[in-house]
Amino acid sequence: MILIGKRPWRRIDLGGFETPRAIWSFAFRVSFRSVIFTSLAGFVSLPLLYALDLVTIPFDEMVRLTVAFSWLFGGVLSGSLAFVAGHVIRELVLSRRELERLSRTDTLSGLANRRAFNELFFATERDASLAIIDIDRFKSINDRFGHQAGDRVIQFISAVLQEVFGDQQLVARLGGEEFGIILRGGTTEQRLALVEQARQRVAAERFGFHEIDLLVTISAGVAEFRPGRRPDSVYAFADKALYLAKDAGRDRVFHEHSLALAEPAVHDHAADDAELFAAIVQRG
């Protein structure tokens with residue numbers, strides 16, 4: 001909001017300048033009010049001007065001149081300035097929104113960034129699931145093909161996730177090869193099925209980079225938001241379920257319920273390059 005003096009221009013809503021019609025409407029309102037105030041000021045000052053013999057023009061002609069000058073200076077001039085100011089305000093509003101969008105967007109993937117994720121994450125209390133997704137053997141991809149290939153893989157995974165979850169769920173890149181998804185609505189089974197659908201979509205599509213086709217997979221851990229459960233506990237359980245999926249062979253989705261059935265042994269997470277690149281085929 002912008003405050004301009006007191007009544008009747010108490011506030012200007014910055015969100016009301018999105019269309020040219022809104023700017024014209026603002027300019028006309030300012031112009032009309034300026035005419036009224038200028039006319040009233042002129043009429044109030046006329047008796048004083050005549051009492052001090054500062055004007056000798058007949059009263060009726062002076063009234064017409066007051067009205068004319070009110071429209072000319074109070075109306076046209078102020079309306080024109082308001083029209084220009086409306087365009088300036090609109091550009092400022094659009095620039096502010098774009099800066100806000102960029103501050104909440106990961107530049108590489110185009111997904112929400114950790115800041116946007118944290119805002120919704122700490123505001124979610126129930127009827128939602130958290131999915132932590134990690135690209136399998138991502139370090140091996142970077143080591144063998146370079147970071148440019150790694151960036152392309154992140155963009156490829158991001159596009160698939162965005163397509164599967166759409167705008168109904170928050171999909172964010174948390175950093176590196178890790179993604180976070182907050183799923184709201186539906187049942188736990190439906191939300192879990194959606195994460196599984198994303199895993200299957202990634203595994204079914206070959207990622208192309210220069211002269212090769214690379215089969216990329218993801219692993220995911222899912223935990224539930226429940227009343228009375230702290231957000232850091234939700235994240236910890238989703239992260240444990242993710243590592244359980246990694247231990248089980250990768251390319252899997254594990255729910256936190258699986259943690260009770262898992263053995264407490266810690267397995268080796270080292271990448272098996274032979275398995276990873278067995279799916280690589282040279283294009284003919």
Side-chain angles (χ1 to χ4, degrees), residues 15 18 90-124 128-186 191-210 212-223 225 231 234-235 238-239 242 245 250-251 253 276:
E18 297 181 352
R90 180 175 182 269
E91 292 301 320
L92 289 175
V93 170
L94 294 178
S95 298
R96 186 180 68 176
R97 288 182 179 176
E98 180 64 14
L99 288 175
E100 177 66 18
R101 185 190 68 81
L102 292 175
S103 70
R104 297 165 56 86
T105 302
D106 177 68
T107 54
L108 177 61
S109 66
L111 301 176
N113 60 14
R114 183 175 282 274
R115 173 192 172 190
F117 172 84
N118 286 342
E119 288 179 1
L120 183 59
F121 176 71
F122 288 106
T124 303
S129 301
L130 169 65
I132 304 291
I133 292 178
D134 191 83
I135 303 175
D136 295 330
R137 301 183 176 92
F138 184 73
K139 184 178 183 300
S140 297
I141 296 175
N142 276 335
D143 291 344
R144 180 158 181 175
F145 297 106
H147 289 283
Q148 184 180 4
D151 290 346
R152 291 285 301 277
V153 168
I154 289 175
Q155 292 171 340
F156 161 69
I157 299 294
S158 301
V160 174
L161 295 179
Q162 187 65 60
E163 184 176 345
V164 172
F165 295 102
D167 297 329
Q168 302 300 317
Q169 317 296 346
L170 177 70
V171 183
R173 182 186 175 212
L174 303 182
E177 69 272 28
E178 190 173 81
F179 301 84
I181 304 171
I182 299 177
L183 300 99
R184 296 172 293 177
R191 297 192 292 265
L192 191 60
L194 200 58
V195 179
E196 174 62 21
Q197 178 185 341
R199 183 200 66 79
Q200 294 178 4
R201 284 283 304 277
V202 171
E205 297 186 23
R206 291 185 180 274
F207 165 73
F209 181 73
H210 294 320
I212 62 172
D213 287 334
L214 174 63
L215 180 62
V216 183
T217 61
I218 59 175
S219 299
V222 182
F225 290 91
V234 178
Y235 196 99
D239 197 51
L242 168 63
R250 301 177 179 85
D251 191 21
V253 175
L276 170 65

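Small disclaimer: the values here were computed from a predicted structure and weren't measured.
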Under the criterion ring-ring contact (aromatic ring centres under 6.0 Å, His included), I'd like the reasoning laid out for Phe117 against Phe122: C-alpha separation, chi angles, the key distance, then a yes or no. CA-CA 9 Å; Phe117 172 84; Phe122 288 106; 8.4 Å; no

Kindly indicate, with the supporting measurements, whether the criterion side-chain contact (heavy atoms from CB on, under 4.5 Å) is fulfilled by Val164 and Val171. CA-CA 10 Å; Val164 172; Val171 183; over 6 Å; no

Side chain Asp143, main chain Gly146, donor-acceptor under 3.5 Å: no

If you round to the nearest 0.5 Å, how far is OH of Tyr235 from CG of Leu130? 7.5 Å

Does the side chain of Gln197 come within less than 4.5 Å of Gln200's, by heavy atoms? no

For Ala238 and Ile132, the nearest pair of non-hydrogen atoms, with its separation, is CB-CG1, 3.7 Å

Short side-chain to backbone donor-acceptor contact, Arg206 and Leu214, under 3.5 Å: no

Go through the steps to decide whether Leu242 and Ser219 satisfy the test side-chain contact (heavy atoms from CB on, under 4.5 Å), and finish with yes or no. CA-CA 6 Å; Leu242 168 63; Ser219 299; 3.9 Å; yes

So, using side-chain hydrogen bond (donor to acceptor under 3.5 Å, both in side chains) as the criterion, who are the partners of Asp134 when residues are at least two apart? Lys246

Any pair with a residue in residues 174-185 that passes salt bridge (charged side-chain N to carboxylate O under 4.0 Å, His left out), sequence neighbours left out, goes on the list, sorted by first then second residue, please. none

By side-chain hydrogen bond (donor to acceptor under 3.5 Å, both in side chains), which residues pair with Arg191, not counting sequence neighbours? Ser129, Thr188, Glu224

Partner set under side chain to side chain contact (heavy atoms under 4.5 Å, CB included) for Ala131, not counting sequence neighbours: Ile181, Leu183, Val195, Val222

Mind checking the CZ-CG spacing from Arg250 to Asp136? Nearest 0.5 Å is all I need. 6.5 Å

Name all pairs fulfilling the ring pair (Phe, Tyr, Trp, His ring centres under 6.0 Å) condition that reach into residues 153-178, sequence neighbours left out, sorted by first residue then second. Phe156-Phe207

So which atom in Ala203 and which in Leu215 form the shortest heavy-atom distance, rounded to 0.1 Å? O-CD1, 2.9 Å

Are Asn113 and Thr105 linked by a side-chain donor-acceptor pair shorter than 3.5 Å? no

So do the side chains of Phe138 and Val216 get within less than 4.5 Å of each other, counting heavy atoms only? no

Quick check: do Ile135 and Phe179 have side-chain heavy atoms less than 4.5 Å from each other? yes

Worked check of side-chain contact (heavy atoms from CB on, under 4.5 Å) between Val202 and Thr217: CA-CA 6 Å; Val202 171; Thr217 61; 5.5 Å; no

Measure the shortest side-chain to side-chain distance between Asp251 and Ile218 over non-hydrogen atoms and say whether it is less than 4.5 angstrom. no

Enumerate the side chain to side chain donor-acceptor pair (under 3.5 Å) contacts for residues 147-170, please, sequence neighbours excluded, ordered by first and then second residue. Glu163-Arg201

How long is the span from the CG atom in Leu161 to the CZ atom in Arg199, to the nearest 0.5 Å? 13.0 Å

With rounding to the nearest 0.5 angstrom, report the CG to CD1 distance, Leu120 to Ile182. 4.0 Å

So, does Arg115 use its side chain to make a donor-acceptor pair with the main chain of Asn118 at under 3.5 Å? no

